[in-house]
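This one's a predicted model, so the numbers in the text were calculated from it and none came from an experiment.
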Amino acid sequence: MKKKKPLAAVEPYLWLLPSILLMTIFILFPIFEVFRTSMSEVSKAGLIKGFCGLDNFTKVLKGSTFKIVLKNTLVWTIAVVVLSTVFGFILALVLNNKFRFRKAVRAIVVFPWATSLIIQAGVWKFIIDKDYGALNTLLLKLGLISSPVNWTPTPEAYFAWEIFVGIFVTVPFVTFCVLSGLQSIDNSYYEAATVDGANYWQKLFKITLPLVKSSLTVSTVLNIIYVFNSFPIIWTITKGDPASRTDTLVTYLYKLAFYKGKSGEAAAVSVIGFLILCACASVYMVLSLRKEEED
């Protein structure tokens with residue numbers, strides 16, 4: 001029996017070493033630094049003066065603004081993820097059918113996701129502007145309105161438009177994740193179901209949904225992370241104004257760090273967001289995997 005060479009035993013680890021180093025430098029070390037900064041007293045110049053325990057967290061949590069920002073973040077994430085998943089799933093079902101110009105339609109659908117978020121947000125900000133926006137101009141020319149409409153009379157209305165833009169740019173991602181799952185389903189399942197007398201809805205809930213569940217799980221988890229950390233849409237349209245009424249955690253911590261010079265509190269907000277995100281993603285993954293095991 002031949003003995004394994006010493007190099008063969010460590011070879012897999014040598015191949016993994018570059019990835020481990022990259023993860024340590026660009027992921028683990030920054031996370032450690034954020035946690036360290038959140039528990040430190042930091043000057044406006046960004047210099048760490050010393051350890052302050054949970055003081056930064058206490059200041060953030062006691063502030064009235066944080067409650068508004070946290071509520072906005074949860075509403076923003078849930079609304080965008082849920083609605084984009086529903087619309088994306090429906091659109092994927094449509095695009096999975098054979099029809100003329102299907103490839104062209106797929107290319108058009110992916111365009112909003114492929115375009116820069118800053119450009120998308122800037123375009124929509126121009127569209128809904130009261131004085132020179134494209135939406136009012138179009139409706140005036142069609143005779144549907146007699147005078148320009150203020151589409152954003154309140155912070156809540158502005159925030160609703162931001163959610164709409166978030167859904168608009170996220171739907172294509174969900175669509176193509178689900179579409180990849182739909183195209184991997186063997187058509188024989190549907191043929192057998194048809195022979196057994198199953199209708200469209202029975203096929204949808206008994207065949208399609210169970211078989212694309214893994215694709216939906218991946219797209220949902222990635223969407224939660226992606227939407228929760230989304231910065232360009234809100235910053236481009238409102239910058240979180242007025243008075244942080246449209247801020248999310250990401251834009252709020254940016255203001256704390258770079259506008260107010262409170263790096264310690266900004267790091268504390270970042271840690272809170274990180275923990276919320278980890279908890280939500282973990283719970284969703286555990287529930288999804290548990291359901292798959294039960295099935």
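Ile119 is not connected to Phe111 by any chain of hydrophobic side-chain contacts under 4.5 Å among Ile, Leu, Val, Met, Phe, Trp and Tyr, and they are in different clusters. Hydrophobic clustering places Phe168 together with Leu222 (ILVMFWY residues linked when any side-chain heavy atoms are closer than 4.5 Å, directly or through intermediates).
The aromatic rings of Trp124 and Trp161 lie tilted to each other, with the angle between the two planes from 30° to 60°. Taking the six-membered ring for Trp and thresholds of 30 and 60 degrees, Tyr252 and Phe66 have ring planes inclined between 30 and 60 degrees apart.
Looking only at distances, a side-chain donor or acceptor of Asp186 sits under 3.5 Å from a matching main-chain atom of Ser188. Between the side chain of Lys125 and the backbone N or O of Thr238, no donor-acceptor pair lies under 3.5 Å. In terms of modelled atom types and a separation under 3.5 Å, the side chain of Thr73 and the main chain of Val69 share a donor-acceptor contact. Judged purely by atom type and a 3.5 angstrom limit, Asn56 uses its side chain to pair as donor or acceptor with the backbone of Ser40. A donor-acceptor pair under 3.5 Å links the side-chain atoms of Gln202 to the main chain of Asn199, judged by distance alone. In this structure a side-chain-to-backbone donor-acceptor pair under 3.5 Å is missing from Ser230 to Tyr226. Of the possible donor and acceptor atoms, none in the side chain of Gln120 sits under 3.5 Å from a partner among the backbone N and O of Thr115.
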Side chain to side chain contact (heavy atoms under 4.5 Å, CB included) between Arg245 and Phe159, intermediate numbers included: CA-CA 8 Å; Arg245 295 284 296 278; Phe159 195 58; over 6 Å; no

Check against side chain to side chain contact (heavy atoms under 4.5 Å, CB included), Trp76 and Phe228: CA-CA 8 Å; Trp76 158 261; Phe228 189 92; over 6 Å; no

Test side chain to side chain contact (heavy atoms under 4.5 Å, CB included) on Val149 and Leu139; report intermediate values, then the result. CA-CA 10 Å; Val149 177; Leu139 294 177; 5.8 Å; no

CA sep, side-chain torsions, deciding dist, call: Arg102, Arg106, side chain to side chain contact (heavy atoms under 4.5 Å, CB included): CA-CA 6 Å; Arg102 184 172 65 167; Arg106 287 182 178 181; 3.6 Å; yes

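In this structure, CG in Leu256 is found 11.5 Å from NZ in Lys59, a value given to the nearest 0.5 Å. Interatomic distance, Thr85 OG1 to Ile90 CD1, rounded to the nearest 0.5 Å: 11.0 Å. A distance of 4.5 Å separates CG in Leu91 from CG in Leu95, rounded to the nearest 0.5 Å. Residue Leu182 holds its CG atom at 7.5 Å from OG of Ser184, rounded to the nearest 0.5 Å. To the nearest 0.5 Å, atom CD1 of residue Ile185 and atom OG of residue Ser215 are 8.5 Å apart. How far CD of Glu33 is from CG of Leu28: 12.5 Å, rounded to the nearest 0.5 Å.
Residue Ile118 places its CD1 atom among 12 or fewer non-hydrogen atoms of other residues, nucleotides or ligands, all under 6.0 Å distant. Enclosure of atom CZ in Phe99 by more than 12 non-hydrogen atoms of other residues, nucleotides or ligands within 6.0 angstrom is indicated. In the displayed structure, Phe231 atom CZ is contacted under 6.0 Å by more than 12 heavy atoms of other residues, nucleotides or ligands. Within a 6.0 Å radius of CZ in Phe29, other residues, nucleotides and ligands contribute 12 heavy atoms or fewer.
When every heavy atom of Asn150 is checked against every heavy atom of Lys130, the shortest pair comes out as CB-CD, 3.8 Å. The two residues Ile233 and Gly166 make their nearest non-hydrogen contact at CD1-CA, 3.8 Å. When all heavy atoms of Pro172 and Trp113 are compared, the pair lying nearest together is CB-CB, 3.6 Å. Of all the heavy atoms in Trp151 and Asn136, the pair that sits closest is NE1-OD1, 3.0 Å. Minimum heavy-atom separation, Ile224 to Thr77: O-CG2, 4.3 Å. Closest heavy-atom contact between Ser84 and Thr170: OG-CG2, 3.6 Å.
For the pair Val75/Ile163, a side-chain contact is recorded, criterion being any heavy-atom separation below 4.5 Å from C-beta on. A heavy-atom distance below 4.5 Å is found between the side chains of Phe35 and Val271. Side-chain contact check for Ile234 versus Val250: every heavy-atom pair is 4.5 Å or farther apart. Using a 4.5 Å heavy-atom threshold, the side chains of Val94 and Val105 count as separate. In this structure the side chain of Leu54 reaches within 4.5 angstrom of the side chain of Met39, judged on heavy atoms. Considering only heavy atoms from C-beta on, Pro148 comes within 4.5 Å of Leu140 through its side chain. Residues Thr246 and Ile237 form no side-chain contact, since every pair of their non-hydrogen atoms from C-beta on lies 4.5 Å or further apart. Proximity of Lys262 to Val60: side-chain heavy atoms (C-beta onward) are nowhere separated by under 4.5 Å.
Remark: the Asp247 side chain and the Thr251 side chain contain an N/O donor-acceptor pair separated by less than 3.5 Å. For the residue pair Lys203/Thr194, the side-chain donor-acceptor check at 3.5 Å is satisfied. In the model, Ser244 has no side-chain atom that pairs as donor or acceptor with a side-chain atom of Thr65 under 3.5 Å.
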